[in-house]
Structures are given as structure tokens and as C-alpha cells.
Amino acid sequence: MVTGALSLVLVAGCGWVLGAGGVGDLVARLNPATKLTVFGVVLILVAATGWTIGSLAGPIGDRPVAPAHGGHGG
């Protein structure tokens, strides 16, 4: 859930940068195949960022596993 929210924020931020920075005009002039390629690259970057953040954060609500204690039997 956290990864999804962070990805949504990242996508919205990218959209804002494209719109505010004048890059939207450049993207509008690209042919459809190039637009699809650019969208795919951005999607992969967003997914990789979300995956990395999710991996660093770890599962939410999981307790750490206590190490198993070995016996001193003989």
C-alpha cells in the first residue's frame, strides 16, 4: 500500500514537472511510438523506485523473527 501511494506521488510529480517545465510541448510533438517508449521508461523507473523503497521499508506489520536457540543436548 505504501509503495502504491509513493508511486502515485511520483507519477503525479512527473506529470507536474512535464506540464510546468514546458516539456509537455516536446512530448506532444513526438510520434506515438516514441510516446509509448517514453511512457514505458517512466513506468519502469517508477516501478523500480517503488520496489526499492518497498524493499527498504520491509513488510508492514511483520514482527522480526527471534533467532532459534539450539539445545546443548548430548
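Please read all numbers here as calculations on a predicted model, not as lab measurements. We number each residue from 1, following the sequence as shown.
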Checklist entry - Which other residues end up in the same hydrophobic cluster as Leu45, if Ile, Leu, Val, Met, Phe, Trp and Tyr are linked when side-chain heavy atoms come under 4.5 Å apart? => result Val41
Checklist entry - By side chain to side chain donor-acceptor pair (under 3.5 Å), which residues pair with Thr34, not counting sequence neighbours? => result Asn31
Item to check | Members besides Leu43 in its Ile/Leu/Val/Met/Phe/Trp/Tyr cluster (side-chain heavy atoms under 4.5 Å) | outcome: Phe39
